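Order of the sequence lines fixes the chain letters, A, B, ..., with proteins taken first and strands second; residue numbering starts at 1 for each chain. Not measured: the values here are computed from a predicted model.
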Amino acid sequence: MSRLVQNRIANTWLRLKPSIALSSVFIKNLTTVPEQLPETNDESSQSEKIWNVIVGKAGDRVSEDEVFHRLSNDELCNKVTLSDSLVHKLLHRFRDDWKSAIGVLKWAESCKGHKHSSECYDLAVDILGKAKKWDRMTEFVERMRGDKVVTLNTIAKIMRRFAGGGEWEEAVKVFDRLGEFGLVKDTESMNLLLDTLCKEKRVEQARAILLELKGHITPDVYTFNIFIHGWCKANRVEEALWTIQEMKGHGFRPCVISYTTIIRCYCQQSEFIKVYEMLSEMEANGSPPNSVTYTTIMSSLNAQKEFEESLRVAARMKRSGCVPDTLFNNCLIHTLARAGKLEEAERVFRVEMPELGVLVNTSTYNSMIAMYCHHDEEEKAVELLKEMESSKVCNPDVHTYHPLLRSCFKRGDVVEVGRLLKEMVTKHHLSLDESTYTFLIQRFCRANICEWAYCLFEEMISQDITPRHKTCLLLLEEVKKKNMHEATERIEHIMKTVKLTAPVK
DNA sequence: TTAGGGTTAG
């Protein structure tokens with residue numbers, strides 16, 4: 001960022017009583033993500049241009065026919081050589097906007113020589129299912145059936161969307177019709193159906209279906225693990241344990257996944273004695289716990305702020321000779337940080353992980369950055385952010401910035417808040433999510449700059465992100481205090497017309 | 001095709 005731009009930001013932010021009009025424009029520029037391709041390469045400027053044209057034409061919530069029409073009549077769009085990856089990225093961009101997605105898909109079909117990949121077909125099915133457009137989804141799948149492009153992957157999307165949308169009977173019907181799609185009812189496809197049902201808390205129905213199919217299709221280890229998970233999800237450990245016995249009866253040995261699933265359930269019930277009993281049982285049975293098992297237990301202990309106990313579990317894992325992975329180390333770093341053992345966390349990050357060849361990811365950096373911020377060592381946090389940016393191993397996400405933003409608010413440095421927000425948006429193309437907006441609005445209100453909070457509120461609405469009821473109330477109170485009549489009316493209007501999100505938990 | 005989430009708190 002140039003010095004000039006930096007100064008401009010600083011100056012704008014230093015005016016603590018900005019007019020709404022001025023700040024609105026500024027914040028808009030600040031936090032709205034510029035549309036662009038997720039990945040850039042040498043030809044990025046050209047493809048970015050095309051991307052912007054297509055997204056601009058398709059992205060303002062018009063009908064699918066209108067999208068098709070606009071794209072078909074655009075000069076630049078007509079010249080584009082469509083790649084599979086471009087269509088895929090476009091569909092992904094419109095994953096929450098089925099009309100635009102289907103419009104884009106129709107246009108792509110009409111382009112000379114273009115044929116959809118099966119991934120694009122499946123993504124389209126998934127988008128329609130997510131929007132619960134069952135008729136359109138079914139119609140689309142029928143077309144796919146005609147083209148003989150339905151795979152088990154497609155079926156998985158349909159089933160999971162049906163079941164997730166409360167239509168589990170429809171998911172079962174899809175299984176019954178597998179033959180029509182040129183697919184077979186075998187253990188794999190049966191497991192897919194059972195897993196779908198179990199994940200949607202329909203373990204009883206799944207059980208009934210298994211009994212019905214048992215004569216024709218043989219269950220395998222996966223089948224039983226799916227049920228163990230299903231019973232645990234329904235908080236019915238007794239049945240999960242009984243499934244272990246049933247599994248043995250079929251000649252299958254319960255594996256580390258079977259036990260870990262049950263351990264997770266015990267953790268949720270805070271039955272830690274049973275957790276440790278099961279750990280010993282696993283060791284005795286020749287299915288020793290692995291990195292997933294230990295991470296599960298530690299995460300649960302951490303949630304209860306039992307950091308020392310959590311560290312004892314980590315020590316037990318090391319003694320057992322079990323190989324740690326990234327998620328385990330992330331959890332360990334988090335635990336050490338919360339236990340106030342900064343040097344040890346640093347040692348895991350700087351020495352242990354590289355020595356063992358365990359890759360770091362965004363979460364690893366995030367835990368370290370959060371740790372430094374919590375202990376007022378922001379310089380180190382910022383250093384790490386820079387290291388992350390230059391390492392190219394992983395990129396920052398919104399969680400990377402949360403603790404940094406929090407620190408700025410804590411010391412009243414709103415100029416730095418502005419700089420960080422700008423960096424998030426322009427440098428890393430991150431878009432602010434609901435929780436980030438909520439957090440920022442809250443803190444700006446508390447810092448007595450509700451003008452900024454209100455601008456973020458407006459921006460949130462314009463991006464179709466629904467504010468929480470509590471956020472509206474807080475902001476309303478603040479703008480009233482400052483006699484911001486226009487804003488007061490607007491917030492009251494939104495509170496009446498928009499279905500507000502209830503507080504989490 | 002089956003198993004592991006972390007946090008911006010007061």
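Dashed line: the shortest gap from a side-chain N or O of A:K233 to OP1 or OP2 of B:dT2 is not under 4.0 Å. OP1 or OP2 of B:dT1 has not a single side-chain nitrogen or oxygen of A:R160 nearer than 4.0 Å. The shortest distance between the side-chain N/O atoms of A:R446 and the OP1/OP2 oxygens of B:dT8 is not below 4.0 Å. Phosphate contact (OP1/OP2 of B:dG5, side-chain N/O of A:H334, threshold under 4.0 Å): absent. For the pair A:R443 and B:dT8, the criterion of a side-chain N or O lying under 4.0 Å from OP1 or OP2 is not met.
A salt bridge links A:D376 to A:K410: at least one charged side-chain nitrogen sits closer than 4.0 Å to a carboxylate oxygen. No salt bridge links A:E169 with A:K173; every basic N to acidic carboxylate O contact stays at or beyond 4.0 Å. Checked for salt-bridge contact, A:K199 and A:D195 meet the test: a charged N lies under 4.0 Å from a carboxylate O.
Candidate nucleotides B:dT2, B:dG4, B:dT8 were compared by shortest atom distance to the side chain of A:D325, and B:dG4 ranks first. Candidate nucleotides B:dT8, B:dG4, B:dT1 were compared by shortest atom distance to the side chain of A:H402, and B:dT8 ranks first. In this structure, of B:dT2, B:dG4, B:dT7, it is B:dT2 that holds the atom nearest to the side chain of A:I226. Taking every side-chain heavy atom of A:N191 into account, B:dT1 is the closest of B:dT8, B:dT2, B:dT1. Relative to the side chain of A:E188, the nucleotides B:dA3, B:dT8, B:dT1 differ in distance, and B:dT1 lies closest.
Looking at heavy-atom distances under 4.0 Å, A:D220 makes contact with a base. Across all strands shown, A:T187 has no heavy atoms under 4.0 Å from either base or sugar-phosphate atoms. At a threshold of 4.0 angstrom between heavy atoms, the contacts of A:T293 with the nucleic acid are absent.
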Legend entry - Full working for salt bridge (Lys or Arg N to Asp or Glu O under 4.0 Å) between A:E389 and A:K386: CA-CA 5 Å; A:E389 284 167 337; A:K386 284 186 192 148; over 6 Å; no

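Looking at A:T326 and A:N329, their side chains never bring a donor and an acceptor atom within 3.5 Å of each other.
Ring-base stacking between A:Y222 and B:dT1 is satisfied, the centre separation being under 5.5 Å and the plane angle under 30°.
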